[in-house]
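To start, the structure itself, in structure tokens.
Within every chain, numbering begins at 1; the chains are lettered A, B, ... in the order of the sequence lines, protein sequences first and strands thereafter.
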Protein chains: 2
Amino acid sequence: MKIGELSRATGTNIETIRYYERIGLLPAPHRTAANYRSYGDPHRARLTFVRHSRDLGFTIEEIRSLLDLSDDPARDCSEADRIASRHLAQVEDKIAQLTLLRDELTRIVGCCRGGVAADCRVIEALGDHGSCAGAH
Amino acid sequence: MKIGELSRATGTNIETIRYYERIGLLPAPHRTAANYRSYGDPHRARLTFVRHSRDLGFTIEEIRSLLDLSDDPARDCSEADRIASRHLAQVEDKIAQLTLLRDELTRIVGCCRGGVAADCRVIEALGDHGSCAGAH
DNA sequence: ATGCACCCTGTAGCAACTACAGGGTCAAGA
DNA sequence: TCTTGACCCTGTAGTTGCTACAGGGTGCAT
Ligand SMILES: [Zn+2]
Ligand SMILES: [Zn+2]
Ligand SMILES: [Zn+2]
Ligand SMILES: [Zn+2]
């Protein structure tokens, strides 16, 4: 399959596929006589894995480790579990942090009663963390 | 005040202050005879505004608009409200999206029973969105 | 005079792509 | 046969918001 087909099959931008090859996340495929990349099913499966992991928020380096692991089926899988658990913890941290942010923003946005910039409570609140309710 | 003092006063990296000047977010300050930057209180207030807004997640371009607005005290403040409301909506979207992610990751992480990579449910789940419970 | 803390400019690096510029290849239609 | 258009190639530069040098100058104390 040519790169355009792989792109459509996996919902991945062509430039992104070439980028993944360049950084060594995907193996270089065979080339046709015209120097076109030619992919098979294992390539498609690997790219699907990468895209799904990216959609779940894993970094490229985490995905690299996960792929190394799945390339070596006899290895103990605890590292995969560790990577995923750590990522889950990071997502939870991020949610907590954004929730604080949301509360503070809700408070700030609610302060505006209209009028000129000189009297705007929103602009005032942005210049003064002292008026914030919580840490963020 | 020299750049080091401004840095300490606002909790901003020196390189970041110079970066803000370079991109036109902070005005170029006066220079001493030795070509050192020399800041006054208005600079400090402006940088405080910028840092607080960044801490609240506003982009540089949003902050630029907000500063433009506060530089022109007679203008109607509805744009500030619009920018802040839109940002709040984005934060809420992000929270919703991360919550879906968290649920999916919790499910995936819980699948691992230990063993070898070939049998790992975590690795399997990462390669197959079909096994996901929701959209993400 | 020499050490040290501080300041300057300019450039390059990070993550994870994305967007060209400038070219080659190939099948179908006029 | 010629040409149009869709596809492919490489290589480089842009995005966001910083951060980290390299290589130099300044100012004060010992
Ligand atoms: Zn207002
Ligand atoms: Zn605050
Ligand atoms: Zn496992
Ligand atoms: Zn999924």
Q: Assign A:Ile14 to base, sugar-phosphate, or nothing according to its heavy-atom contacts below 4.0 angstrom with the strands shown.
A: sugar-phosphate
Q | Phosphate OP1/OP2 of C:dC17: any A:Tyr20 side-chain N/O under 4.0 Å | A | yes
Q.
So B:Arg37, base contact, sugar-phosphate only, or nothing? Heavy-atom distance under 4.0 Å.
A. sugar-phosphate
Q.
Looking at A:Lys2 and A:Glu5, is any side-chain nitrogen of the basic one under 4.0 Å from a carboxylate oxygen of the acidic one?
A. no
Q: Dump the intermediate steps for side-chain contact (heavy atoms from CB on, under 4.5 Å) on B:Thr10 and B:Leu6, then the final yes or no.
A: CA-CA 6 Å; B:Thr10 60; B:Leu6 181 63; 4.0 Å; yes
Name the atoms and distances for all side-chain donor-acceptor pairs under 3.5 Å in residues 110-121 of chain A, with sequence neighbours left out.
from     : atom 1 : to       : atom 2 : distance (Å)
A:Arg113 : NH1    : A:Gly110 : O      : 3.1

**Q.** Within-4.5 Å side-chain heavy-atom neighbours: B:Lys94 and A:Ile95
**A.** no
Q: Give the ring-plane orientation class for A:His136 versus A:His129, where under 30° counts as parallel, over 60° as perpendicular and anything between as tilted.
A: perpendicular
Q) Quick one: ring pair (Phe, Tyr, Trp, His ring centres under 6.0 Å) pairs with a partner in residues 1-42 of chain A, sequence neighbours left out? A) A:Tyr39-A:His43
Q: Please find the earliest and latest nucleotides of DNA chain D, in the 5' to 3' direction, that have an atom within less than 4.0 Å of any heavy atom of chain B.
A: D:dG17 to D:dG27
Q: Would you kindly give the CD-to-P distance between B:Glu15 and C:dC14, to the nearest whole Å?
A: 16 Å
Q) More 5' along DNA chain D: A:Ala34 or A:Arg22, using each one's nearest nucleotide? A) A:Ala34
**Q.** For A:Asn35 against A:Arg31, the heavy-atom pair lying closest together
**A.** O-NH1, 3.0 Å
For residues 80-93 of chain B, tabulate all N or O donor-acceptor pairs below 3.5 Å that involve a side-chain atom, not counting sequence neighbours.
from    : atom 1 : to      : atom 2 : distance (Å)
B:Ser85 : OG     : B:Asp81 : O      : 2.7
B:Arg86 : NH2    : B:Glu62 : OE2    : 3.2
B:His87 : NE2    : B:Leu56 : O      : 2.7

Q. When the distance from CG of A:Leu47 to P of C:dC17 is rounded to whole Å, what number comes out?
A. 11 Å
Q | Overall bend - the helix from C:dA1-D:dT30 to C:dA30-D:dT1, comparing terminal axes fitted on five pairs, nearest 10 degrees | A | 40°
Q | Ion pair B:Glu21/B:Arg18, N-O distance below 4.0 Å | A | no
Q) Touch check for A:Ile3, heavy atoms < 4.0 angstrom, all strands: base, sugar-phosphate only, or nothing? A) sugar-phosphate
Q: Would you kindly compare A:Ala33 and A:Tyr19 by the position of their nearest DNA chain C nucleotide and give the one closer to the 5′ end?
A: A:Tyr19
Q: Mind listing the residues from residues 53-66 of chain B sitting with a heavy atom below 4.0 Å of DNA chain C? Number order is fine.
A: none
**Q.** ILVMFWY network linking A:Val122 to B:Leu67, side-chain heavy atoms under 4.5 angstrom
**A.** yes
Q. Looking only at heavy atoms, what is the nearest atom pair of A:Phe49 and B:Ile123, with distance?
A. CE1-O, 3.4 Å
